[in-house]
Amino acid sequence: MLLYNSLTHTREEFVPHEPGVVRMYTCGPTVYHYAHIGNLRSYICEDILEKYLRYLGYDVRRVMNITDVGHLSSDADTGEDKMLKGARREHKTVMEIAQYYTDAFFSDCAKLNIRRPDIVQPATGCIDEYIQLVDGLLKKGYAYIADGNVYFDTAKLDEYYVFNKHERENLLSGVREGVEEDFSKHNKEDFVLWFTKSKFDDQELKWDSPWGVGYPGWHIECSGISLKYLGEYLDIHCGGIDNAFPHHTNEIAQSEAYIGHKWCNYWFHVMHLLNDTGKMSKSKGEFLTVSLLEQKGYDPIAYRFFCLQSHYRRPLIFSYANLDNAAAAYNKLVDRIAGLDPAMASLDPSKGALDDEAAAPYRKAFRDAMDNDVNTSLALTAVYDLLKSDLPDAAKLSLIGEFDTVLSLNLLSAAETQRAKKETVPAETEADAEILALIEARTVAKKAKNYAEADRIRNQLNAMGIALTDTPQGVQWSRV
RNA sequence: GGCGCCAUGGCCAAGCGGUAAGGCAAGGGUCUGCAAAACCCUUAUUCCCCGGUCCGAUUCCGGGUGGCGCCUCCA
């Protein structure tokens, strides 16, 4: 398959280091608050990539870190630790906050059908690994100690700016508010590997190290965790595009300096979700969470569908109008699937329901779309084309089920629910007897062309939570 | 200031040199007392602008314009 690689700025044929195995690393969340749906867009796109690789038969080993320490809101010994800030806000300990928001994160992921990575590692669990890394970098001459902190020496690298062609003199310090320059650094682009000196005396989490009591810099955790679980050869590293610089750039610098060779071949960066203020963030505009969408009556999967309609390398503009559009499209799609012959729905696809030869063109369309740099928009079109085809319903259902192992839109189960809703004949109860009597009364009124009365009864039933549908076979009713 | 990404109908969006997919919405129709649902039909001579290459460019090149991102919190 072709994958766009941020390192080369081109689409390349994906070839893992070890045939049949994909080692994949994802920068996980900083668990100081809820994730917003922009954060989750990245994880949805990465989830699709992972599942498609599995669909192709790869043994995917995916690792994600959980940042529960040392993520300062700015560099250079200024700013605050986000975790500590969150803890103070909620009068809890840092570890309580971390646990709470880690759980919340995976709960949101579950609602969006994002598979939990094989290994999820909180950053605080690998301090020894970071120390070993920093120690190795010092011994190899890639790091230095200044004013109590250990820094990575970017001047030792042949190439530091691997993603973009930055020139040192053109980079501005302190572009962002609240960021002050750290004059202990030898070079402007050097970064901290280990802190022992911090302006915050109330730093809660500290560990002993050869350089004094302190805590790790914010880039070292991803290198440490990735190297620990996935070894020296990584195939795909994922993350939001904003992480390319400096986070991923620094990861590459420290990892490759430490292991002494090329580390990761493919860098998969997801573009941002935008709203009317630009990039979605926790501090600007409405703080959109999965729970908020649910409160507003949206199925989280409709949001997943919304993301899949677009391409991961395109900025996506969020608005409620656009989400409504996606939700309507998703519901219509599910209804169409629910309309397929229900007698065939229960057929086991493995028992000859699928004619492989007839299915081949549709399967090819789906794969071609996904092979083309994970073009989910086209993959969705492949589903629509399949639905329009003259394949037997059983084959359609079987293929949709197959595609949905990647798309994860609950296509089959949601359709089944829809179908069940329409077909369930409620058991007779006293309440039902009353309803049936009203329906009968309306039918009588209709026959007498007394439409005012018929509509009055329909409204009455609506108020009771009963929806009526006139069909050529008679009146159907269901609970709303 | 530097670097990078992007620009297609009302909205989302495909398109990777051969003459504009698909979805949503909208309009019309069939059906219906009216609804709802379903089905059928319609909706970009044109792809931000200006040059260039080519028999031919939405697709390649150059230059603009606009949007977004990064330049030590961010997915």
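Every chain is numbered from 1 and lettered A, B, ... according to where its sequence line falls, protein lines coming before strand lines.
- On a pure distance criterion of 3.5 Å, no polar donor-acceptor pair joins the side chain of A:Ser377 and the base of B:A13.
- With sequence neighbours excluded, no residue forms a salt bridge (Lys or Arg N to Asp or Glu O under 4.0 Å) with A:Asp108.
- Between the CZ atom of A:Phe287 and the P atom of B:C73 there is a distance of 19 Å, rounded to whole Å.
- A straight line from CZ of A:Arg336 to P of B:G22 spans 12 Å, rounded to a whole angstrom.
- Among the nucleotides B:G33, B:A21, B:C74, the one closest to any side-chain atom of A:Leu378 is B:A21.
- With rounding to whole Å, A:Tyr451 atom OH is found 12 Å from B:A35 atom P.
- Separation of the C1' atoms belonging to B:C49 and B:A35 is 49 Å when rounded to the nearest angstrom.
- Pair check for B:U65 finds B:A7; Watson-Crick or G-U wobble, both atom distances under 3.5 Å.
- Of all nucleotides present, none satisfies the Watson-Crick or G-U wobble test against B:U59 with each distance under 3.5 Å.
- The residue A:Leu333 sits apart from the nucleic acid: no heavy atom pair falls under 4.0 Å.
- Comparing the P positions of B:U43 and B:G28 gives a spacing of 15 Å, expressed to the nearest Å.
- Going from atom CG of A:Leu274 over to atom C1' of B:A7 covers 13 Å, rounded to whole Å.
- Nearest to the side-chain atoms of A:Ser42 among the listed nucleotides B:C70, B:C5, B:A75 stands B:A75.
- Remark: P of B:C24 and CG of A:Leu380 are 11 Å apart, rounded to the nearest angstrom.
- The 5' end of RNA chain B is approached more closely, in terms of each residue's nearest nucleotide, by A:Asn372 than by the other of A:Gly38 and A:Asn372.
- Out of B:C24, B:G22, B:A75, the shortest distance to the side chain of A:Thr381 is found at B:G22.
- For the pair A:Arg458 CZ and B:A36 P, the computed distance is 10 Å after rounding to whole Å.
- Here the two rings, on A:Tyr151 and A:His186, have centers that are 6.0 Å apart or farther.
- None of A:Tyr52, A:Tyr4, A:Tyr266 except one satisfies the ring-ring contact (aromatic ring centres under 6.0 Å, His included) rule with A:Phe14; the exception is A:Tyr266.
- To the nearest whole angstrom, the two P atoms, one in B:C11 and one in B:A26, are 15 Å apart.
- Between A:Trp267 and A:His237, the angle of the ring planes stays under 30°, which puts this pair in the parallel group of the 30/60° scheme.
- The base of B:G22 does not come close enough to the side chain of A:Asp385 for any donor and acceptor atom to sit less than 3.5 Å apart.
- Counting all heavy atoms, side chain and backbone alike, A:Tyr144 lies closest to A:Ser184 at CE1-O, 4.2 Å.
- A:Arg456 comes within contact range of no nucleotide atom at all, as no heavy-atom separation falls under 4.0 Å.
- A salt bridge links A:Lys156 with A:Asp153; the closest basic N to acidic carboxylate O contact falls under 4.0 Å.
- Going from atom CZ of A:Arg304 over to atom P of B:G23 covers 22 Å, rounded to whole Å.
- Each of B:G23, B:C70, B:A13 was ranked by its minimum atom distance to the side chain of A:Ser310; first place goes to B:A13.
- Across every strand in view, B:U53 sits unpaired, with no contact that passes the Watson-Crick or G-U test at under 3.5 angstrom.
- Nucleotides B:C61 and B:G23 place their P atoms 32 Å apart, quoted to the nearest Å.
- As judged by a 4.0 angstrom heavy-atom cut-off over every strand, A:Tyr384 is placed among residues touching the sugar-phosphate backbone only.
- Side-chain contact of A:Asn250 with A:Tyr160: a donor-acceptor pair under 3.5 Å is present, judged by distance alone.
- Set against B:U8, B:C70, B:A75, the side chain of A:Arg314 has B:U8 as its closest nucleotide.
- As the counterpart of B:C16, no nucleotide is assigned, since no Watson-Crick or G-U wobble pattern has both distances under 3.5 Å.
- If you check B:C71, B:C34, B:C11 against the side chain of A:Pro246, the one that comes closest is B:C71.
- Contact check, A:Lys332 against B:A25: a side-chain N or O comes under 4.0 Å of OP1 or OP2.
- The separation of B:G27 from B:C16, taken at their P atoms, amounts to 34 Å, rounded to a whole angstrom.
- With B:C71, B:C24, B:G33 as the choices, the nucleotide that has an atom nearest any side-chain atom of A:Arg442 turns out to be B:G33.
- The separation of B:G33 from B:C40, taken at their C1' atoms, amounts to 23 Å, rounded to a whole angstrom.
- Side-chain proximity of A:Trp218 to the nucleotides B:G15, B:C73, B:G23 is greatest for B:C73.
- Under the Watson-Crick or G-U wobble criterion, with both distances below 3.5 Å, B:G1 is paired with B:C71.
- B:A38 and B:U30 make up a base pair, with Watson-Crick or G-U wobble contacts both under 3.5 Å.
- Distance from the side chain of A:Arg313 is smallest to B:C6 among B:G69, B:C70, B:C6.
- When the side-chain nitrogen and oxygen atoms of A:Asn375 are compared with OP1 and OP2 of B:G15, one or more of them lie within a distance under 4.0 Å.
- Residue order along RNA chain B, read from the 5' end via each residue's closest nucleotide, puts A:His311 first among A:Ala328 and A:His311.
- Proximity of the aromatic rings of A:Tyr298 and A:Tyr303 is defined here by a centroid distance below 6.0 angstrom, and this criterion is not met.
- Listed pair A:Asn325 / B:C24 fails the phosphate criterion, with no side-chain N or O lying under 4.0 Å from OP1 or OP2.
- Rounded to the nearest Å, the gap between the P atom of B:U58 and that of B:U46 is 11 Å.
- Side-chain proximity of A:Asn322 to the nucleotides B:C11, B:C5, B:G69 is greatest for B:C11.
- Contact check on A:Lys364 versus A:Asp368 returns a salt bridge, with a Lys/Arg side-chain nitrogen under 4.0 Å from an Asp/Glu carboxylate oxygen.
- Rounded to a whole Å, the CD1 atom of A:Ile317 is 8 Å from the C1' atom of B:G67.
- Remark: the A:Asp242 side chain and the B:C70 base include no donor-acceptor N/O pair separated by less than 3.5 Å.
- Note on A:Arg41: nothing from the nucleic acid sits closer than 4.0 angstrom, heavy atoms only.
- Here A:Lys446 lies in heavy-atom contact (under 4.0 Å) with a base.
- Going from the P atom of B:C73 to that of B:G67 covers 25 Å, rounded to whole Å.
- Judged by Watson-Crick or G-U wobble contacts below 3.5 Å, the nucleotide B:A21 has no partner.
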